[in-house]
Amino acid sequence: MRTFFLLLFLLLICLAGKPQSFVFAGGHYGRMLKINAVWPDVLHNATIFTAGFSTRVSGNKIWHRQYHFPETGLRFMFFSPGNREVFGRAFSLTPTLSFPIASASNFQLRFNLGYSPGIITRSYNRQSNPTNNVIGSPLNYFILFQLESRWTISDHWQLALGADYSHFSNGRSKIPNLGLNIPAISLNARYKIRESISPTTFSEENQPVKKFNRIHPGIKAGYGFNSQKSPGGPLYPVYVGAFTLNTLWKNKIRLKVGTEWFFAESIYAFIQNQDIPFDNPRRAATGGVVFAGGEFLFGRAAFVAHIGPYIKRPYQMNYVLYTKFGPQFYFYEQQKKPFFQPFLGVYVHAHSGEADFAEFAVGFVF
């Protein structure tokens, strides 16, 4: 506990010179979603403690103004999911972005997004925790979506009421991996350390911005991995290739359509091991999708979301819908150089909401 207060004190010192910086703490109350008929018992409602800080961006980047000067932050979250014997506790230390949606004199409506690693203390174990058919590994991806209302009650204090959705998944790197999903309501108190400073303005502000740019092609090659259906099995590689057509909307969202194809080594190994009589087993282990999606651009970073149907399903896959999301990183600021540059990406590929594999990728937007 003394370490916590020492870190908080050091944090206050670091934030003292930042424009409109806040520290906050509060709680969430919700219920884990049971999305499978054989889900373990959820004995209690989920409770979550959260604490962290946020700082309004300075305005020295183009995307700061385009997104109406959002807040960047870092929050610690401690979860009690609802069955301590099966799920234990969960933790995350998550970078966040907070976007203003609407505001009045003493009121703000904001959308908060967070993405980071997350820890679950009791994952599946064949001997000590066999009933946890939800999470197969301690280390997971964690994502937070939150709609938050803030009321200013004094010069330094705000009260925030939110509705949020928390998700843990290991991207099927270990089975089981149904994913832990917690919708909740939240209440927290926020303390303003410093008054707002007028954001920096820059010459691009009065220049016209094209609603749509011309269409540019893009390519991507990825390497993923997943486990088969049995817990404790080996990781198998997944090889991915994609082609997209891209256009830029108002210089802040890259809209895209494309096709993506992948070869799953786990399905190919199953076909070979079971001596299933396919004329072309590699073709049977190949899947393809068409998709539409977008990238929300924040300087050199982006958050990617794709959705679309399968046009070629691998052997024994009965799913229809494909989704993919995750961060993407560029060599140059997107608002200054949106095309003709390489990128790196980290994604979770899923079908009908269930993770299929995690992927690391490199690509180029022409």
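Keep in mind that this is a model prediction, so the values were computed, not measured.
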Please state whether the rings of Tyr115 and Tyr141 are parallel, tilted or perpendicular, taking 30° and 60° as the class boundaries.
-> tilted

Between CD on residue Glu333 and CD on residue Gln341, distance to nearest 0.5 Å | 10.0 Å

Scanning both residues in full, the closest heavy-atom pair of His28 with Ser186 reads ND1-CB, 3.3 Å

May I ask you to test the Met32-Val134 pair for a side-chain heavy-atom distance under 4.5 Å?
-> no

CA sep, side-chain torsions, deciding dist, call: Phe87, Arg122, side chain to side chain contact (heavy atoms under 4.5 Å, CB included) = CA-CA 5 Å; Phe87 301 107; Arg122 284 187 59 79; 5.8 Å; no

Applying side chain to side chain contact (heavy atoms under 4.5 Å, CB included), run through Val42 and Asn83 and close with a yes or a no.
-> CA-CA 6 Å; Val42 179; Asn83 188 330; 5.8 Å; no

Minimum side-chain heavy-atom gap Tyr165-Leu33 below 4.5 Å = yes

Nearest heavy-atom pair of Glu359 and Gly222: which atoms, and what distance?
-> OE2-CA, 3.5 Å

Decide yes or no for Gln334 and Gln328: does some side-chain heavy atom of the first lie under 4.5 Å from some side-chain heavy atom of the second?
-> no

For Gln272, does the CD atom have more than 12 heavy-atom neighbours from other residues, nucleotides or ligands under 6.0 Å away?
-> yes

Side-chain donor or acceptor of Arg110 paired with backbone N/O of Ser98 under 3.5 Å = yes

Can a cation-pi geometry be assigned to Arg282 and Tyr268, taking NZ or CZ under 6.0 Å from the six-membered ring centre and within 45° of the ring axis?
-> yes

For atom CZ of Arg283, decide whether the heavy atoms of other residues, nucleotides or ligands shown that lie under 6.0 angstrom number more than 12.
-> no

Give a yes or no answer on whether the side chain of Asn188 reaches the backbone of Thr50 with a donor-acceptor pair at less than 3.5 Å.
-> no

Is it true that Arg150 and Glu71 make a salt bridge, defined as a side-chain N closer than 4.0 Å to a carboxylate O?
-> yes

Using the ring pair (Phe, Tyr, Trp, His ring centres under 6.0 Å) rule, take His156 and Tyr191 through it: C-alpha gap first, then chi angles, then the decisive distance, then the call.
-> CA-CA 5 Å; His156 286 278; Tyr191 180 79; 5.3 Å; yes

Thr247 and Arg214 side chains, donor-acceptor separation under 3.5 Å = no

Phe79 versus Phe142: any side-chain heavy-atom pair under 4.5 Å?
-> yes

Between Asn251 and Leu248, is there a donor-acceptor pair closer than 3.5 Å when you use the side chain of the first and the backbone of the second?
-> no

Checking side chain to side chain contact (heavy atoms under 4.5 Å, CB included) for the pair Asn112/Thr96: CA distance, chi angles, key distance, verdict?
-> CA-CA 7 Å; Asn112 302 331; Thr96 58; 5.6 Å; no

dist Ile48:CD1 -> Tyr29:OH (nearest 0.5 Å) comes out at 11.5 Å

List the steps and the verdict of ring pair (Phe, Tyr, Trp, His ring centres under 6.0 Å) for Tyr319 and Tyr310.
-> CA-CA 8 Å; Tyr319 297 98; Tyr310 283 90; 8.0 Å; no

To the nearest 0.5 Å, tell me how far Thr259 OG1 sits from Leu245 CG.
-> 10.5 Å

Under the side chain to side chain contact (heavy atoms under 4.5 Å, CB included) test, residues paired with Tyr239 that sit two or more places apart = Tyr223, Pro237, Phe263, Glu265

Quickly, which of Lys220, Lys252, Arg254 forms a salt bridge (charged side-chain N to carboxylate O under 4.0 Å, His left out) with Glu295? Name it, please.
-> Arg254

Does any donor atom in the side chain of Asn129 or Ser123 lie under 3.5 Å from an acceptor atom in the other side chain?
-> no

Could you label the plane-to-plane angle of the Phe343 and Tyr330 rings as parallel, tilted or perpendicular, counting under 30° as parallel and over 60° as perpendicular?
-> tilted

Closest non-hydrogen atom pair between Ser149 and Leu109, with its separation | OG-CD1, 3.6 Å

Closest heavy-atom pair, Phe168 versus Ile135, reported as atoms and distance to 0.1 Å, is O-CD1, 3.8 Å

Determine, step by step, whether Asn246 and Ile215 satisfy the side chain to side chain contact (heavy atoms under 4.5 Å, CB included) criterion, reporting the C-alpha distance in whole Å, the side-chain angles of both residues, the deciding distance to 0.1 Å, and the verdict.
-> CA-CA 5 Å; Asn246 308 269; Ile215 295 174; over 6 Å; no

Trace of the ring pair (Phe, Tyr, Trp, His ring centres under 6.0 Å) decision for His68 with Phe99 | CA-CA 7 Å; His68 307 291; Phe99 304 96; 9.9 Å; no

What is the minimum heavy-atom distance between His306 and Gly294, and which atoms define it?
-> CD2-N, 4.5 Å

Does Phe360 reach the side chain of Phe225, with side-chain heavy atoms less than 4.5 Å apart?
-> yes

Beyond-backbone contact of Tyr67 with Phe296, side-chain heavy atoms, under 4.5 angstrom | yes

Tell me, do Ile101 and Leu147 make a side-chain contact under 4.5 Å, heavy atoms counted?
-> yes

Take atom CZ in Phe107; do more than 12 heavy atoms of anything else shown fall under 6.0 Å from it?
-> yes

Ser154 versus Trp157, closest heavy-atom pair with distance = OG-N, 3.1 Å

Beyond-backbone contact of His216 with Phe340, side-chain heavy atoms, under 4.5 angstrom | yes

Would a hydrophobic clustering, with Ile, Leu, Val, Met, Phe, Trp and Tyr connected at side-chain separations under 4.5 Å, put Phe364 with Val304?
-> yes

